[in-house]
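To find a chain, count down the sequence lines: A is the first, B the second, and so on, and within it residues start at 1.
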Amino acid sequence: MVKVSGDDPIYLSVPANFDFDQCLRFLDRNPHEILHRVENGRWIKLIELAKTPVIIQVSKVSEHLCVKALNTELDQEQRITLVSFLEEVFDLNSDLTAFYQKMRGDPIMGDLCEEYQGLRLLGIPDLFEALCWCIIGQQINLNFAYKLKQRLVQATGDKLHYMGRDYFMFPRAEVVANMSVKEFSHWQFSAAKASYLIGVAEQIQAGALTKSGLLGKSVGHIEQTLMGLKGIGTWSAQYVMMKCLRIGAAFPVHDVGLQNAIKVITDSPKKPSLAQLHQLNRKWHPWQAYATFYLWHSLIK
DNA sequence: ATCCAGGTTCGGG
DNA sequence: CCCGAACATGGA
């Protein structure tokens, strides 16, 4: 074992079927994204490791991901936590072979899988953030959703100023739990969105809702628990299962992005019917979440 | 102006 | 159980 110092980069070997640039393309799809940025083929983000704010920078160097902490040195524990964080975000431990096998020749997914081969389902490991992002994005266009998130995060998230730039983290649940609907209103959040966010924050803060608690349950139970939250319906429950809990068979059938992508790819004059979508749900099992993500990717301009 | 956005809740048949 | 309306706002 070679002794390494705390500021040496971490090198992660990437799995087969991994395309960092495709991942970056998704991560960089909106200019108002406040929780990370993509620059010169690098992914840069502020995260907390053992109570310390750390700016991480991830790039691809031959067959490895090169991970650096920009503002501090990391101890062994922090490095381990960081690696599992990246494994979660980039879904490094999934083998996509079966996915590509299943989709080969599929009229909707066949070409997409070739074009985007190696794209990973980019995750949102934090349950609170995933739930909030659902609520923020409901029934409004994505660009506006990113703006709303930006205002919330800039006003309430933990911040680090480093080398002339500001880096933000998603607000802690206890901060959001103690906010009022009125505060949200001057960031143009509807009263409904604001109260849903506060309610979810209260549940998380109280410890009544945890990621590990959910992961120990059956898929049906998880779905029911999530939908029991005010503001979380079928779409949001599936979204959280996809992006946070990494349940492969999650499938937000009502998602307009999903439906529009299918409409475009099949060159159809109208969106697919619910019956068609349920058929795809069965056909693509247990890779519905990945299929959905690839379809979303196809919508990036 | 009108319609659609990565929906959800609520009240009524 | 299913259906329409209301919710707020921005962009095409």
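- With values rounded to the nearest 0.5 angstrom, A/W187 atom CH2 is found 5.5 Å from A/L152 atom CG.
- Taking only side-chain nitrogens and oxygens, A/K271 comes nearer than 4.0 Å to OP1 or OP2 of B/dA5.
- Nearest-nucleotide mapping onto DNA chain B: of A/L229 and A/L142, the residue sitting toward the 5' end is A/L142.
- For the OP1/OP2 pair of B/dG7 and a distance below 4.0 Å, the side-chain nitrogens and oxygens of A/T234 include no atom meeting the criterion.
- The side-chain hydrogen bond (donor to acceptor under 3.5 Å, both in side chains) test with A/Q238 singles out one residue from A/E223, A/H254, A/K243, and that residue is A/E223.
- For A/K230 and B/dT8, the NZ to C1' distance is 10 Å, given to the nearest whole Å.
- Look at CD1 on A/I232: it is 17 Å from C1' on B/dC10, rounded to the nearest Å.
- Using a 4.0 Å heavy-atom criterion, one finds that A/I135 contacts no nucleic acid atom at all.
- Here the P atom of nucleotide B/dC4 and the CD atom of A/Q259 are 13 Å apart, to the nearest Å.
- Residues A/C134 and A/V240 share a closest heavy-atom pair of SG-CG2, 3.8 Å.
- Using a distance-only test at 3.5 Å, with no hydrogens or angles considered, no donor-acceptor pair links the side chain of A/E88 to the main chain of A/F85.
- Applying ring pair (Phe, Tyr, Trp, His ring centres under 6.0 Å) to A/W133 and the options A/F170, A/Y146, A/F128 leaves one that passes, A/Y146.
- If you take atom P in C/dA8 and the same atom in B/dG11, they sit 15 Å apart, rounded to whole Å.
- Between the side chain of A/Y167 and the main chain of A/P53, no donor-acceptor pair closer than 3.5 Å is present.
- Spacing of C1' atoms, B/dT8 relative to C/dG11, comes out at 23 Å, to the nearest Å.
- A salt bridge links A/R37 with A/E39: the distance from a Lys NZ or Arg NE/NH1/NH2 to an Asp or Glu carboxylate oxygen falls below 4.0 Å.
- Nucleotide B/dT9 holds its C1' atom 12 Å from the CE atom of A/M227, rounded to whole Å.
- Residues A/W287 and A/F251 keep their aromatic ring centres 6.0 Å or farther apart.
- Ring geometry for A/Y294 versus A/F99: interplanar angle over 60°, hence perpendicular rather than tilted (30 to 60°).
- The CG atom of A/L119 sits 11.5 Å away from atom CG of A/D21, with the distance rounded to the nearest 0.5 Å.
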Which atoms of nucleotides 7-10 of chain C (N or O only) lie under 3.5 Å from a protein N or O atom, and what are those distances?
{"residue": "C/dA8", "atom": "OP1", "partner": "A/A191", "partner atom": "N", "Å": "3.3"}
{"residue": "C/dT9", "atom": "O3'", "partner": "A/Q188", "partner atom": "NE2", "Å": "3.0"}
{"residue": "C/dG10", "atom": "OP1", "partner": "A/Q188", "partner atom": "NE2", "Å": "2.2"}

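- Residues from residues 241-256 of chain A that place a heavy atom under 4.0 Å from any atom of DNA chain B, listed by number: A/D255, A/V256.
- Between A/F293 and A/F26, the ring-plane angle classifies as tilted under the 30° and 60° cut-offs.
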Under 3.5 Å, which protein N or O atoms sit close to an N or O of nucleotides 11-13 of chain B? Give each pair with its distance.
none

